[in-house]
Amino acid sequence: MAAIGAQVKRADTGDALARARQRAALLPDLLVEARRILNTVNTGWHGRRKSGVGETFWQFRPYAQGEAISRIDWRRSARDDRTYIRDQEWEAAHTVWLWADPSPSMLYKSEQAHVSKESRALVLVLALDELLSRSGERIGFPGVADPISARNGAERLATLLAHTTNLPAKPDLSRVRRFSDVVLVSDFLEPVEDTLALLQQLVQAGARAHLIEVYDPAEEDFPYKRRTEFVDPETGASLTFGRAEDYADDYRRLFYARREVLSDFCRRIGWSYTTNRTDRLASDALVSVHMNMTANIGYEGNGA
């Protein structure tokens, strides 16, 4: 286990090739974990299909007064005393962009956590890819994978991530179009103004975002006492306190204030903000995000 305040061992941040090899070694296990988590929550789930114009059969349902008689399936209706409508599946492919933060702060793992934030973020992205691919969605990862509909979406994405030498520090959102969904998985510890500026790009594009904040228990509980040195994983800058516990209340106030600003922004425009602590189940976040994605709100001009 890593000591409180330490990072999981990693390659030098300047050595992109070594970092890519390290990620490649990790991804097969994360793909297995993503599928295991998905299988525990997938029972009874349905895709995001809806009734509409198309050639693919979706379901039979009881006829409602006022509907077009031409849509009645007389063969199915003849089997019992009810009249049934034959629904076709809406075939307009939906685009979902997934992104996991690759920044150094995501490598943090305290002794209370089960996994690093990076591992949890990748598991969530792969599990969502697997789930949405089964529903026929077009899945992309900014800077790594163009949107494509494929039954083996998670495996394809894991392979691409394993062979990408230098992941972009920020997602390139220039290709996001109206009515797309964007899932951003990060610790969101950068200045809140930078995150809001990124989200404004999605507002202007008419897309909808789902933020998943992955955080370590030590980052929330602040268990530090006595003389403690804090090191910024992004810059290497350090700060030492003689009595760290004296700063616990101020730290927690700032920690929750940052989250409240971001979650309030999302809530006001119909987006979702989900938190997932790394000593708790990843499936909790997966279920929450999937439910939010099925809601038809949060796009520009549609509940925004």
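Keep in mind that what you see is a predicted model, and the values were worked out from it rather than measured.
P233 and P104 make their closest contact through O-CB, 3.3 Å (heavy atoms, listed as atom of the first residue, atom of the second, distance). For A34 against A127, the heavy-atom pair with the smallest separation is CB-N, 3.6 Å. A pairwise comparison of heavy atoms in I212 and A285 identifies CG2-CB, 4.4 Å as the closest pair. Scanning all heavy atoms of the two residues, the minimum distance from P223 to Q112 falls at CG-NE2, 3.8 Å. Minimum heavy-atom separation, A205 to V176: CB-O, 3.8 Å. Taking both residues in full, the closest heavy atoms of A282 and N276 are given as CA-OD1, 3.9 Å, listed atom of the first, atom of the second, then distance.
With T159 contributing its side chain and E155 its backbone, the two residues share a donor-acceptor pair below 3.5 Å. Between the D264 side chain and the E260 main chain, no donor and acceptor come within less than 3.5 Å of each other. Side-chain atoms of T228 come within 3.5 Å of backbone atoms of R226 as a donor-acceptor pair (strictly under, hydrogens ignored). Remark: side-chain polar atoms of R208 are paired, donor with acceptor, to backbone N or O of M293 under 3.5 angstrom. Remark: the backbone N or O of R82 is paired with a side-chain donor or acceptor of D80 at under 3.5 angstrom. A donor-acceptor pair under 3.5 Å links the side-chain atoms of T164 to the main chain of L160, judged by distance alone. Not a single donor-acceptor pair under 3.5 Å links the side chain of D194 to the backbone N or O of E190. Of the possible polar contacts, one joining the E219 side chain to the D216 backbone as a donor-acceptor pair under 3.5 Å is found.
By the 4.5 Å heavy-atom criterion applied to side chains, T278 and P217 are counted as neighbours. Taking the side chain as every heavy atom from C-beta outward, L199 and L184 approach each other to under 4.5 Å. At a threshold of 4.5 Å between non-hydrogen side-chain atoms, the residues W99 and V182 do not count as touching. Between F265 and V203, some side-chain heavy-atom pair lies under the 4.5 Å cut-off. For the pair L202 and W97, the minimum side-chain heavy-atom distance is 4.5 Å or more. For the pair H114 and S119, the minimum side-chain heavy-atom distance is 4.5 Å or more. S116 is not listed as a side-chain neighbour of Y108, based on a closest heavy-atom distance of 4.5 Å or more. Residues L131 and H290 have side chains in contact (heavy-atom distance under 4.5 Å, counting atoms from C-beta outward).
Around the CG atom of L239, the shell of radius 6.0 Å holds more than 12 heavy atoms that belong to other residues, nucleotides or ligands. Within a 6.0 Å radius of CZ in R76, other residues, nucleotides and ligands contribute more than 12 heavy atoms.
A distance of 7.5 Å separates OG of S110 from CG of D279, quoted to the nearest 0.5 Å. Rounded to the nearest 0.5 angstrom, F188 CZ and L198 CG are separated by 8.5 Å. Taking CD of Q201 as the start and CG of L173 as the end, the distance is 5.0 Å to the nearest 0.5 Å. Between the OG atom of S288 and the NE2 atom of H210 there is a distance of 10.0 Å, given to the nearest 0.5 Å. Here the CG atom belonging to D129 is positioned 8.0 Å from the CZ atom belonging to R156, to the nearest 0.5 angstrom. Atoms CZ and OH, from F241 and Y251 in turn, are 11.5 Å apart once rounded to the nearest 0.5 Å.
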Report task. Would you sort out whether S77 and I72 count as a side-chain contact (heavy atoms from CB on, under 4.5 Å), showing the intermediate values? Result -> CA-CA 8 Å; S77 301; I72 296 176; 3.9 Å; yes
Report task. Kindly determine whether I37 and L286 satisfy side-chain contact (heavy atoms from CB on, under 4.5 Å), including the steps that lead there. Result -> CA-CA 9 Å; I37 292 170; L286 189 63; 4.1 Å; yes
Query raised in the report: Please walk me through it: do R175 and D172 pass salt bridge (charged side-chain N to carboxylate O under 4.0 Å, His left out)?
Result: CA-CA 8 Å; R175 297 182 59 193; D172 179 3; over 6 Å; no
Query - Stepwise side-chain contact (heavy atoms from CB on, under 4.5 Å) check, V261 with T195 - result: CA-CA 10 Å; V261 170; T195 303; over 6 Å; no
Report task. Check step by step if side-chain contact (heavy atoms from CB on, under 4.5 Å) holds for Y273 and R267. Result -> CA-CA 8 Å; Y273 193 95; R267 185 167 49 250; over 6 Å; no
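Following chains of ILVMFWY side-chain contacts shorter than 4.5 Å, one cannot reach I148 starting from V96, and the two form parts of different hydrophobic clusters. Cluster membership for V115 and V125, using ILVMFWY side-chain heavy atoms within less than 4.5 angstrom, is not shared. In terms of hydrophobic clustering, with Ile, Leu, Val, Met, Phe, Trp and Tyr side chains grouped at heavy-atom distances under 4.5 Å, V32 and V123 are assigned to different clusters. Linking Ile, Leu, Val, Met, Phe, Trp and Tyr residues whenever their side-chain heavy atoms come within less than 4.5 Å places W74 and I85 in a single cluster. Both L262 and V289 are members of a single hydrophobic cluster when ILVMFWY side chains are connected at heavy-atom separations under 4.5 Å.
Between Y224 and F230, the ring centre distance stays below 6.0 Å.
A donor-acceptor pair shorter than 3.5 Å cannot be found between the side chains of T95 and E137.
When each of R277, R258, R120, K117 is tested with E213 by the rule salt bridge (charged side-chain N to carboxylate O under 4.0 Å, His left out), just one qualifies, namely R258.
With salt bridges taken as basic N to acidic carboxylate O contacts below 4.0 Å, none links R151 and E130.
Seen from the ring of Y215, R259 counts as a face-on cation partner, given the 6.0 Å and 45° thresholds.
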